Amino acid sequence: MTLDGVLAGVLDGLLAALVLAAAGWTLAAPAAFPATIGFVGFGLLLTLAWVRLGAPDVALTEAAIGTGATGVILLLAVVRLRGGEEEVSAATPGRALVLAAGLLAGAVGLALALAVLALPDPAPGLAAEAAARTAPLGLGNPVAAVLMVFRGLDTLLESVVLVFTVLAVWSMAPDRHWGGRPGPEFPRQDDGPLALLARLLPPVGLVIGIYIAWVGTDAPGGKFQGGTILAAMWVVAWAAGLVQAPSVADRRVRLMLVAGPLVFVLVGLAGFGIADGFLAYPPALAKPLILVIEAAMTLSVAAALALLIAGPPEHPPERVT
Amino acid sequence: MSGAPIFGLTGAALVGLGLFGLLVQAAVLRKILAFNLLGAGVFLLFGVVAQRGGTAGGGADAVPQAMVITGLVVAFAATALAVVVALRMHQITGAATISESDGAEPGGSDAA
Amino acid sequence: MSAVLAFLGLLAVAAGAGFFVAGTAGVIRFPDTPSRLHALTKADNLGLGLVVLGLLPFVPGWFFALKLLLVWALVLLSGATAAQLIAERVRGPEPPA
Amino acid sequence: MSPATPGGSLLVLALILPVAAMLVAFVLGGRAAERLALAALGLGALLAMLVAAAVYRAGAPLAYAVGGWAPPLGLALRADGVTAAMLLTAALVLLAVALFGRTGHATPPGLAEARAPFAFWCFLLALSAALAAAFLGGDLFNLFVALEMLTFAALALACLEGKPSQFRSELRYLLFALIGSVLYLLGTVLLYGGYGTLDIALLAGRARADAPTLLAAALMTAGLAAKMALFPLHLWLPPAHAGAPPAASAVLSGLVVKASFVLLLRLWFWVMPPLAAAAAAPLLAALGAAAILAGSLVALRQARLKLLVAYSTVAQIGYLFLMFPLALAGDAEVAARAWLGGILQASSHAFAKAAMFLAAGLIAGALGHDRIAALGGAGRAVPVCVVAFGLAGLSLMGIPPSGGFTAKWLLLTSAVATGQWWWALVIVGGGVLTGGYVYRVLAGSLTAPPVTDAPIGDAPLPAAASRGPQLVALALALVSVGLGLLPLASFGLVQVGRLGAAP
């Protein structure tokens, strides 16, 4: 083994140990807040592991959605879910149950480890085929080709799931809040660090978000990663009180939410006429059509993530005067 | 291709840890955190499979990688939904666990 | 790229890594939140700056260099904001001047 | 298998129609969402019939390679006999539930849009889309996305009323379902690592009985069993289903659990090698048998009508698992009978259980409570509901002539024919217990209303429910019974595409 190989092995081993340590802390932390912080740290370390696994697209998604957006939602929930310590300790299982759970979880983990090591070598897969069929489409990133072309139906259903989840979250509100604005309302900050950040960051963030969504077809990036950054910019401005969440009854917001999946469906159906069928693209038009879908999708992903972070409406609608 | 076995074992260990947490943690938020660890372990295994299936000259297998991206978005939606239901439960009943210790009658309609 | 530049780059990256180690030790060892914040932000800003600086000789083009510098600038901005917010929460808002 | 067959476009339409309708209904909102949902679900029922007719006429599965990319790189939609039968069942039950919901879930006059009605119609469309994706999907990962969509839609529908006790039971349901999904996903990654594809038809030829494959099957089975509340993972189901609004309970109990069942069939009858499947089948059936007995016994002891109906679901799901050892038995003719019995059980239970939950909801609405001990007068207030409940009960018990009878008879005779008589005993025992709890409800409903000169007004006169919803419940019950009146030969559809079955 070369020196590079040994160094890489040491680096990977160290990274794996850190990932597991952060996961252990997330479980063992004395309270929900440090546990959630541990989870965010875990996610960032995992992002590095994804880079080491040769998956920069996944690393970006893990950082943006798996760690960033998920972390924000969990932290907001921790703050609002205070108390209940007695209830929690009363419901904590006894020693015997913990032991049984440990044995079960350990057995599953061990079986899985053995199974992974027993997977066939050379590994079967679609790497060569996916790579070979990406270039003729005019795309440079095979992951984007899988997401938008070969397995486009996965992505379409997933974007529908995202939009649907926004509606599901809204529907948890009490009846009287319907038509109100999602989430808590933050006081407007005119000076202080947050106000400064909320004015300086969004212009830069918007450019970066759009850039990452735009390069996705040729380089690591794409609608989910770029859309998350756009959503984050809105959340910063929202938390500083500079913008208000739109009412759940606002048709423009709903249109923005469904734009991505709806454009995807329409282009897909157009495939019956202009190409070989549903979700097929004519070779010459493949890239422009995909970019149109990606643009609409970026908008929808950004809106959906921002609104999922905000949550259900928490106040009755304001009276129109 | 050096990292695959190490991260494969890491993924398996994360699945075990997440499963354990889901079973023994009482507080709902801690359960949701454990669910995310479990999910991360599964996704890591997809990454390992993608790297093992990579071509000699080119990169890893793009198909499982794309599946992870889809899976991450779906897992995020699941977390958002679970958190909202947990918060609503807490708002209305003050509960922070899903155990049935308080003898509240589950289900059944009693409009009277 | 000359050998001298490469050597200087490596030196800067190593120095940056040293700042990170020192900063992390500070976060763990220092007794109260303000001094921990101090250790954290100093180390992050300087450490990352040195790492970015050290990597500049190795990047393939000006666009990459620009992206690296942008990363540093964004970390400076978010780090400063976060530190201010945490400090405010610990000490209470500053009285208006 | 050819990537696309004639009629394949029908499958795309059956999937995309509810997806597009949900998106548009979400934007339009208010009463337009209701009108759109009714139209789309009606059209969906028509499409499901066309799919079934096309499968029947072709005598072979329909397939469609999405985007023109054949598996393994692309995704396929497929419709065989099981798909066609379940798609049709789902479409008809959803349409019935939508018609039922027109009274309870209409936007109140004076409002442009109200939370619960608007959400209800969008959720029904989302459920319809998720069920179509789950029945048509030919790729195990695509099916994962479909299952998650189904879980979210079912959860949101169940939380619709926002009752305090509800969020806790639904949260428990969500956590169980999420663990189930992750375990399922864990299986798919092992399968991809082993075979480089997740296409069911391609896996069918390739799967070996090696350690990763067997672990994958075990994990996926455990995950799907948690999702469909197979004993002993059933404790989340009764409170989650019983507490939901009647229209939601009907869909949850009748349809949502069946999507996981179809996936389980795909796993064991298509993906896994027959020898491994034959080894696992007795274990699955044993859990099913335990579910039948435990579910029925607990149902007998329930004090509340809706919980009784929900525990009955736990028991009736058990019957589905009895088909595994029987349909994997050597004799082709017996296997075909057991196969038909299982699918028919899935379908007739969907109709019967939907009818029962709708009827139970109307009875509870009319009496103001759903305590079984005080059901007196229901027979006078909502006679049609009581009849519907009784007819659905006949089907669940397995009394001829009913769909449930035919299903259980087929399973029972297959058990005897393959010498596995112990399953026959369970089927008969379960039927007797079912009779017991259905009788409790009917006997209670048909007694006179409680004496109304009681000094306190805690027993108000039962209010009559409007006719429309009652008739919907009755229609569902009649379909469940009517399935038993069809000649067996007309069920040839269900056998189309079954591996090992004569083409």
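Order of the sequence lines fixes the chain letters, A, B, ..., with proteins taken first and strands second; residue numbering starts at 1 for each chain. Nothing here was measured: the structure is a model prediction, and the numbers come from that model.
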- Query: Testing D/Val66, D/Leu75, D/Val12 for side chain to side chain contact (heavy atoms under 4.5 Å, CB included) with A/Leu279, which one passes?
  - Reply: D/Val66
- D/Met22 vs A/Pro261 side-chain heavy atoms within contact, under 4.5 Å: no
- Message: Between D/Val27 and chain A, with a heavy-atom cut-off of 4.5 Å, which part of the residue counts as in contact: side chain, backbone, both or neither?
- Response: both
- Query: Quick one: does D/Met149's side chain get under 4.5 Å of A/Val160's, heavy atoms only?
  - Reply: yes
- Contact part of D/Leu15 toward chain A, heavy-atom cut-off under 4.5 Å: side chain, backbone, both or neither? side chain
- Item | Non-hydrogen atoms of D/Ala156 and A/Met172 that approach each other most closely | CA-CE, 4.3 Å
- Just how far is it from atom CZ of A/Arg151 to atom CG of D/Asn142, taken to the nearest 0.5 Å? 6.5 Å
- Query: Looking at A/Leu167, A/Leu255, A/Val108, which has the largest count of heavy-atom pairs under 4.5 Å with chain D?
  - Reply: A/Leu167
- Bottom line for D/Leu190: the part with an atom under 4.5 Å from chain A's heavy atoms is both
- Nearest 0.5 Å please: distance from the CZ atom of A/Phe164 over to the CG atom of D/Leu125. 10.0 Å
- Query: So, do D/Asp139 and A/Leu153 sit near enough that their side-chain heavy atoms are less than 4.5 Å apart?
  - Reply: no
- chain A shares the most heavy-atom pairs under 4.5 Å, among D/Ala211, D/Gly74, D/Gly193, with D/Gly193
- Distance, nearest 0.5 Å, that separates CG of D/Leu13 from CZ of A/Phe272: 5.5 Å
- Query: Is a side-chain donor or acceptor of D/Tyr64 paired with a backbone partner of A/Gly277 at a separation under 3.5 angstrom?
  - Reply: no
- State, to 0.1 Å, how close D/Leu73 and A/Phe150 come at their nearest heavy-atom pair, and which atoms those are. O-CB, 3.6 Å
- Measure distances from A/Pro313 to the heavy atoms of chain D and classify the residue's part below 4.5 Å as side chain, backbone, both or neither. neither
- Largest heavy-atom contact set with chain D, pairs under 4.5 Å, which of A/Ala275, A/Gly271, A/Ala173: A/Ala173
- Among D/Ala218, D/Gly68, D/Gly194, D/Ala119, who wins on heavy-atom pairs under 4.5 Å with chain A? D/Gly194
- Item | Largest heavy-atom contact set with chain D, pairs under 4.5 Å, which of A/Ala168, A/Ala111, A/Pro120 | A/Pro120
- Whatever's closer than 4.5 Å to a heavy atom in chain A on D/Asp210 counts as neither
- Between D/Leu186 and chain A, which part of the residue has a heavy atom less than 4.5 Å away: side chain, backbone, both or neither? side chain
- Item | A/Leu126 versus D/Gly196, closest heavy-atom pair with distance | CG-O, 3.7 Å
- Note on the structure: Under 4.5 Å to a heavy atom of chain A? For D/Ala153 that would be both
- Which answer fits A/Ser171, side chain, backbone, both or neither, if we ask what part of it has an atom under 4.5 Å from a heavy atom of chain D? both
- So what's closer than 4.5 Å to chain A heavy atoms on D/Ile16: side chain, backbone, both or neither? side chain
- Message: Under 4.5 Å from any heavy atom of chain A, what part of D/Ala133 do you find: side chain, backbone, both or neither?
- Response: side chain
- Message: Please classify the contact between D/Phe118 and chain A as side chain, backbone, both or neither, with a heavy-atom cut-off of under 4.5 Å.
- Response: side chain
- Query: Quick one: what part of A/Val149 sits under 4.5 Å from any heavy atom of chain D, side chain, backbone, both or neither?
  - Reply: both
- Message: Is D/Arg206 in contact with chain A via its backbone, its side chain, both, or neither, using a 4.5 Å heavy-atom distance?
- Response: neither
- Note on the structure: chain D shares the most heavy-atom pairs under 4.5 Å, among A/Asp175, A/Val146, A/Val161, A/Val253, with A/Asp175
- With rounding to the nearest 0.5 Å, note down the distance linking CZ in D/Phe144 to CG in A/Leu157. 12.0 Å
- Task: Give the minimum heavy-atom separation between A/Arg254 and D/Gly29, together with the two atoms involved.
- Result: NH1-CA, 3.6 Å
- Message: With chain A as the partner, which of D/Phe152, D/Tyr192, D/Phe26 has the greatest number of non-hydrogen pairs under 4.5 Å?
- Response: D/Phe26
- Message: At a 4.5 Å cut-off on heavy atoms, which part of A/Leu112 comes close to chain D: side chain, backbone, both, or neither?
- Response: both
- Task: Decide yes or no for D/Glu113 and A/Trp178: does some side-chain heavy atom of the first lie under 4.5 Å from some side-chain heavy atom of the second?
- Result: yes
- What part of A/Leu266 lies closer than 4.5 angstrom to a heavy atom of chain D: side chain, backbone, both or neither? neither
